[in-house]
Amino acid sequence: MRRVAIVGAGITKFVRRAQETGKELSFEATKMALDSCGLTLKDIDMVTLGTAPDAFDGVHMKGEWLSDGAGAWRKPYMRNFVGGGTGVFAPIHGFFHVASGMADTCMVVCEEKMSSCYPHPQGAFKTIFDHTLEQPLNPTLIWIFALEMNRYMNTYGLTKKDIAGVSVKNKRNALDHPSAQIPENITVEDVLNSETLAWPVNRLDISPASDGAAAVILCSEEKAKKITDRPVWISGVGWNIDTAYWATKDLSYPRYVEKAARQAYEMAGIKEPHKEIQVAEPYDPFSYKELHHMEGLLLCKKGEAARMLADGVTERTGNLPTCPSGGALGVGNPIAATGLMKIIEIFLQLRGEAGKRQVPGNPRVGLAQAWGDLMQVGTVVVMKS
Amino acid sequence: MVLEKFELKGTGLKSQAVKDGSVLTMPCNPKLQYSWDTGQAVGRYLDGLKEGKLIGKKCGGCNRIMIPPRMFCELCFKDTGDWVELEDTGKVNTFSICHVNWDASRLPQGALPHLPAVIEIDGASEGMGILHVLGEADPKEIKIGMKVKAVWKTANERAGAITDIRYFKPLR
């Protein structure tokens with residue numbers, strides 16, 4: 001396999017409802033990625049696009065529909081989709097193209113426009129449940145998070161208060177992210193006093209529905225050295241899926257994330273992730289998910305992520321900063337674009353270019369992770385400068 | 001590159017701008033209809049529900065008794081074997097107390113919260129559970145590990161659907 005570098009990145013603002021179409025958002029992110037490293041579309045060999053369910057936009061063959069905005073016409077192109085895990089899978093898909101030698105340059109674009117589906121994009125989520133045995137019970141997407149969060153809390157004796165700090169940290173970190181949709185200075189009490197939607201989940205435990213797009217450019221080593229003196233290498237990738245049957249898996253622990261992480265760590269030569277990973281962007285669509293994912297990523301022992309949060313270890317100034325971007329909870333959650341936003345954050349952190357969000361200590365090793373489907377998909381990328 | 005040096009695109013709309021027509025939108029209201037085949041395993045499961053029984057299926061490879069029943073074992077990757085009648089009791093693996101509708105709007109004032117739960121069914125293998133709802137239960141008293149029993153619709157009302165079980169109630 002050839003080495004693969006990230007050399008450029010682009011992103012839009014994340015907003016509740018964008019005036020721009022999905023194609024226009026894709027164009028803006030793609031164009032910015034090209035501009036960021038002085039390339040033009042002629043320099044791009046292949047294009048891959050990640051976007052979540054067609055039902056959000058109400059457009060079937062969404063990949064084909066968005067392709068001109070992604071700069072894909074008259075190029076080898078494919079859409080990839082693994083639910084909420086898509087945003088971190090898309091660069092893995094691009095990695096295949098370059099690592100294999102099939103392409104020297106690959107544009108990776110992620111887009112989501114959730115606002116087209118009204119009165120609420122939750123309507124599109126209803127159909128992810130088993131049509132015969134679950135949809136007749138009128139489930140909402142919040143149920144599955146509430147059920148998993150309760151099991152997680154019960155297994156490790158955690159309280160809502162132990163978890164609420166994730167929302168506080170991430171929304172505060174987002175104050176420094178120019179794309180952020182709901183950055184805020186709030187307290188643990190604010191989270192605990194916000195409306196209970198489905199116990200144990202409160203309104204401030206949840207990321208918003210969003211519109212937005214993001215893009216990165218991947219290159220072979222030879223190309224990368226001509227484009228930038230600060231390439232960031234994709235040094236490990238992993239992805240994994242587990243059963244969708246309720247309670248056939250342990251809801252308190254994301255084993256599929258661990259399997260994806262182990263795959264990525266082995267490839268990147270990482271033996272002790274809790275010591276070697278210096279900055280991380282675990283997927284945080286709900287507050288407890290950041291902690292759940294830190295455990296799956298082997299960044300701490302099972303049930304101990306809340307302790308790290310309480311001790312300040314995961315603050316930007318801590319030993320293992322998590323979601324320095326502000327995460328899905330603060331920057332916003334346009335599903336596929338969120339995962340790629342996390343990749344971009346690690347790219348910038350490892351180049352020392354994260355501005356006010358920069359974590360101290362010149363980090364050289366970081367990771368981004370996304371998660372999706374019915375509590376069953378994990379996608380992980382390890383990056384090194 | 002530093003994000004702050006770019007003028008990031010993306011124009012946030014206010015819902016008022018859409019309502020008053022100052023920004024144009026194109027409405028769409030597709031009327032798609034589906035009829036899902038239940039398949040062999042779930043079809044038999046639904047037949048059982050109509051008779052007021054919970055039916056699982058056993059894998060001859062790993063000996064797991066599975067509910068909902070499946071024609072193939074995803075672990076052994078071979079055909080499953082015998083149908084097995086299970087108890088209509090179980091224990092709560094996890095639950096939620098839900099105050100909102102599917103679109104995150106609040107349930108009407110005074111409405112009882114929805115009580116979704118994963119229930120591990122007695123007679124199935126350790127950890128095998130189904131999604132259903134609880135009833136006749138005080139939300140304050142629901143606990144993980146609590147024993148519950150199915151409350152069935154009457155034979156005349158049962159249609160061969162998961163909702164033939166109205167809910168699971170605490171076993172006292």
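Letters go in sequence order (proteins before strands), and every chain restarts at 1. Computed from a predicted model, the values in this text were never measured in an experiment.
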- Under 4.5 Å heavy-atom distance to chain B, tell me which part of Leu147(A) shows up: side chain, backbone, both or neither. both

- Query: Can you tell which of Lys356(A), Gln181(A), Glu28(A), Arg151(A) has the highest number of heavy-atom pairs within less than 4.5 Å of chain B?
  - Reply: Arg151(A)

- Message: As an exercise: rank Thr196(A), Leu25(A), Ile344(A) by heavy-atom pairs under 4.5 Å with chain B and give me the winner.
- Response: Thr196(A)

- Decide yes or no on salt bridge (Lys or Arg N to Asp or Glu O under 4.0 Å) for Asp57(A) and Lys113(A), but give the supporting numbers first. CA-CA 6 Å; Asp57(A) 297 68; Lys113(A) 192 166 167 76; over 6 Å; no

- Between the side chains of Glu281(A) and Ser325(A), does any donor sit under 3.5 Å from an acceptor? yes

- Has Lys91(B) got more than 12 heavy atoms of other residues, nucleotides or ligands less than 6.0 Å from its NZ? no

- Message: For the interface with chain A, which of Lys9(B), Glu4(B), His99(B) has the highest count of heavy-atom pairs at distances below 4.5 Å?
- Response: Lys9(B)

- Note on the structure: The single option from Arg17(A), Lys13(A), Glu20(A) that satisfies side chain to side chain donor-acceptor pair (under 3.5 Å) with Thr11(B) is Glu20(A)

- Message: More than 12 heavy atoms of other residues, nucleotides or ligands under 6.0 Å from OH of Tyr118(A): yes or no?
- Response: no

- By a 4.5 Å heavy-atom criterion (distance strictly below it), what part of Asn150(A) contacts chain B: side chain, backbone, both, or neither? both

- So, are Glu136(B) and Lys149(B) salt-bridged, with charged N and O less than 4.0 Å apart? no

- Query: Heavy-atom distance under 4.5 Å to chain B: side chain of Asp176(A), backbone, both or neither?
  - Reply: backbone

- Winner by heavy-atom pair count (cut-off under 4.5 Å) against chain B, out of His177(A), Arg230(A), Gln19(A): Gln19(A)

- Query: With chain B, which of Ala213(A), Gly212(A), Ala198(A), Ser116(A) has the greatest number of heavy-atom pairs at distances under 4.5 Å?
  - Reply: Ala198(A)

- Which portion of Leu107(B) sits near chain A, non-hydrogen atoms under 4.5 angstrom: neither

- Note on the structure: Residues Arg351(A) and Thr228(A): closest non-hydrogen pair is NH1-OG1, 3.5 Å

- Item | Worked verdict on Asp242(A) versus Gln376(A) for side chain to side chain donor-acceptor pair (under 3.5 Å) | CA-CA 5 Å; Asp242(A) 201 352; Gln376(A) 65 185 133; over 6 Å; no

- Message: Can you tell me which of Ile206(A), Leu197(A), Thr140(A) forms the most heavy-atom pairs within a distance under 4.5 Å of chain B?
- Response: Leu197(A)

- Query: Using a cut-off of under 4.5 Å for heavy-atom pairs, which of Val100(B), Thr163(B), Ile97(B) has the most such pairs with chain A?
  - Reply: Ile97(B)

- Toward chain A, the part of Val23(B) with a non-hydrogen atom under 4.5 Å: side chain

- Identify which part of Phe6(B) has an atom lying under 4.5 Å from any heavy atom of chain A, answering side chain, backbone, both or neither. side chain

- Task: Can you tell which part of Glu345(A) gets under 4.5 Å to a heavy atom of chain B, answering side chain, backbone, both or neither?
- Result: neither

- Query: Among Arg106(B), His114(B), His132(B), who wins on heavy-atom pairs under 4.5 Å with chain A?
  - Reply: Arg106(B)

- Query: Phe14(A) versus chain B, heavy atoms under 4.5 Å apart: side chain, backbone, both or neither?
  - Reply: neither

- Task: Report the C-alpha separation of Asn333(A) and Thr338(A) in whole Å, then their side-chain angles, then the decisive distance to 0.1 Å, and conclude whether the side chain to side chain donor-acceptor pair (under 3.5 Å) test is met.
- Result: CA-CA 5 Å; Asn333(A) 196 5; Thr338(A) 310; 2.7 Å; yes

Listed pairs under 3.5 Å, donor-acceptor, residues 29-36 of chain A side chains, sequence neighbours left out:
unit_1, atom_1, unit_2, atom_2, d
Thr30(A), OG1, Ser26(A), O, 2.7
Lys31(A), NZ, Asp35(A), OD1, 3.0
Lys31(A), NZ, Asp35(A), OD2, 3.2
Ser36(A), OG, Ala9(A), N, 3.1
Ser36(A), OG, Ala9(A), O, 3.4
Ser36(A), OG, Ala33(A), O, 2.7

- Query: Relative to each other, are the rings of Phe145(A) and Tyr288(A) parallel, tilted or perpendicular (30° and 60° limits)?
  - Reply: perpendicular

- Sort Ala17(B) into side chain, backbone, both or neither according to what part of it lies under 4.5 angstrom from a heavy atom of chain A. neither

- Query: Relative to chain A, which segment of Tyr45(B) carries a heavy atom at a distance below 4.5 Å: side chain, backbone, both, or neither?
  - Reply: side chain

- Counting only heavy atoms not in Lys153(B), do more than 12 fall under 6.0 Å of its NZ? yes

- Pick one of side chain, backbone, both or neither for Asp37(B), based on which atoms fall under 4.5 Å of a heavy atom in chain A. backbone

- Checking heavy atoms, do the side chain of Thr25(B), its backbone, both or neither come under 4.5 Å from chain A? side chain

- Message: Does the plane of the ring in Tyr152(A) sit parallel, tilted or perpendicular to the ring in Tyr156(A)? Use 30° and 60° as the thresholds.
- Response: perpendicular

- Query: Arg16(A), Glu24(A), Glu195(A): which one forms the most heavy-atom pairs within less than 4.5 Å of chain B?
  - Reply: Glu195(A)

- Heavy-atom contact with chain A under 4.5 Å, split by part of Ile144(B): side chain

